[in-house]
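Each chain gets a letter, A, B and so on, in the order its sequence line appears, and its residues count up from 1. Hydrogens, waters and symmetry mates are skipped; everything else that's a heavy atom, side chains included, is used.
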There are 2 protein chains.
Amino acid sequence: MRTDAQKNYEHLLAVAREVVTEQGAHASLRDVARKAGVGLGTLYRHFPTREALLETLLRSSFDALTERAAELEASSSPEEALVSWTQRCIACAHEYRGAISLMVAAIDDPQSALHDSCVAMKSSGARLLVRAQAEGVARADLASADLFALISALAWLNDQPSFAPRAEHLFDVVSSAILPQRTGNDSRKRRTPAPR
Amino acid sequence: MRTDAQKNYEHLLAVAREVVTEQGAHASLRDVARKAGVGLGTLYRHFPTREALLETLLRSSFDALTERAAELEASSSPEEALVSWTQRCIACAHEYRGAISLMVAAIDDPQSALHDSCVAMKSSGARLLVRAQAEGVARADLASADLFALISALAWLNDQPSFAPRAEHLFDVVSSAILPQRTGNDSRKRRTPAPR
DNA sequence: ACCTGAACACCGTTCAAGT
DNA sequence: ACCTGAACACCGTTCAAGT
């Protein structure tokens, strides 16, 4: 890459990160190019699709997620590993508003720039899930697709301003379905204040 | 309403139903007007916002939902009533792809044409939830906002083509979190085949 | 080798002008 | 009283022309 192209690329990415943080994953790409002081074509050459841009923005988070799964498998109980990783997963998908819809669409589309990252995420989750199931602590009838779906649903809920305040509680509720025997997961006991 | 206006209104609604069924709640309104053979302004006068159009399309379903809640309260066990109504609720929100996002946004926006319907839905659910909680069969720490959130999340999952095939199973999983003591809800037993 | 921005085909929304 | 569609300000995407 020519040094001027490299500079364009990096600046574009920095501006995109700002704009997407503010406006979400469906931000205007025209706006990104404009704010970066760059021609539209330059943006499209560096990032041929919205997914490609998002993938680059989330790259390091995705990598950290995979790494974290391996660490947790070695260091934590099957139960704690699954809960902790799931939480991180949701935070990662929630990094940019609206990103989760694109990720969900990508899991079934090998053409998408987000495909590999999402498959990796699903696989990491699958390992932790199987491990917890072997221990009898996670629901036996969950497939990795189900875990990915539940994580996606929680990330989507967090994206909705009306539900965001109850995000933690909703996580607990869904967790209790994944790990029915979880310590302190007695659903008859009030764990979080329930507003009217 | 003048009879020609009435005719326009009804034809517009019929065409809108078709288009929205095909393309989802974010279908082009221009396209609806075009296919109805009507000026854009005509559509906007009858339905000042996308929400207004959707509200009209879903009107009878919303009414049926409220009615059904009352029926179930009288005729079924607290547990069965909540499960059955929740299921209907999801089907209703899922009637048009993408409608759930607009509904979720409407719950906190009294200006939205969908606001009242969503509040009614939430209230109906709240009654059934409280009843089930009084019986000790539903999680005590769930607020009506949580139930609405979980219903929304399931409706959203159903909207995603990659998750739709596992919709029923995902409903069972989330149900087991809402009703931990539900008959046959033993999560250690395999209830639905889990594909690899 | 890389960049630009006009061109094209679309949106949603408003509102002057028509019947 | 109702209808129309041009006008405006936006999109995403492509690609000929420039440096």
(request) Locate the shortest heavy-atom distance separating A:Met121 from A:Ile151; write the atom from each residue and the value. (result) CE-CG2, 4.3 Å
(message) Measuring from atom CD1 of A:Ile100 to atom CD of B:Gln160, what distance do you get when rounded to the nearest 0.5 angstrom?
(response) 9.0 Å
(request) Kindly compute the distance separating CG (A:Leu53) from CG (A:Leu13), expressed to the nearest 0.5 Å. (result) 7.0 Å
Contact class for [X] (heavy atom, under 4.0 Å): base, sugar-phosphate, or nothing?
{"X": "A:His46", "answer": "sugar-phosphate"}
{"X": "B:Leu40", "answer": "base"}
{"X": "A:Arg45", "answer": "base"}
{"X": "B:Thr42", "answer": "base"}
{"X": "A:Ala27", "answer": "sugar-phosphate"}

(request) Using heavy atoms to find the nearest nucleotide of DNA chain C for A:Gly39 and B:Pro48 separately, return the residue whose nucleotide is more 5′. (result) A:Gly39
(request) Could you say whether B:Arg2 or B:Asp31 is positioned toward the 5' end of DNA chain C, judged by the nucleotide with the nearest heavy atom to each? (result) B:Asp31
(request) Map every base of DNA chain C to its dot-bracket character, where paired means a Watson-Crick or G-U wobble contact with both distances under 3.5 Å and | marks a partner outside the strand. (result) ||.|||||...|||||.||
(message) Any donor-acceptor pair under 3.5 Å linking the side-chain atoms of A:Arg127 with those of A:Ser144?
(response) no
(message) Assess, by modelled atom type and distance only, whether the side chains of B:Asp141 and A:His169 contain a donor and an acceptor separated by less than 3.5 Å.
(response) yes
(request) Indicate yes or no: does A:Asp31 engage A:Arg34 in a salt bridge with an N to O separation below 4.0 Å. (result) yes
(request) Please work out which of the three classes, parallel, tilted or perpendicular, describes the rings of B:Trp156 and A:Trp156, given edges at 30° and 60°. (result) parallel
(request) State whether the number of non-hydrogen atoms from other residues, nucleotides or ligands found under 6.0 Å of A:Arg131 atom CZ is greater than 12. (result) yes
(message) Check this for me: B:Arg68, atom CZ, are more than 12 non-hydrogen atoms of other residues, nucleotides or ligands nearer than 6.0 Å?
(response) yes
(request) Considering only heavy atoms of chain B and a distance under 4.0 Å, specify the first and last nucleotide of DNA chain D in 5' to 3' order that meet this criterion. (result) D:dA1 to D:dA7
(message) Between A:His26 and A:Gly41, which residue's closest nucleotide on DNA chain D lies nearer the 5′ terminus?
(response) A:His26
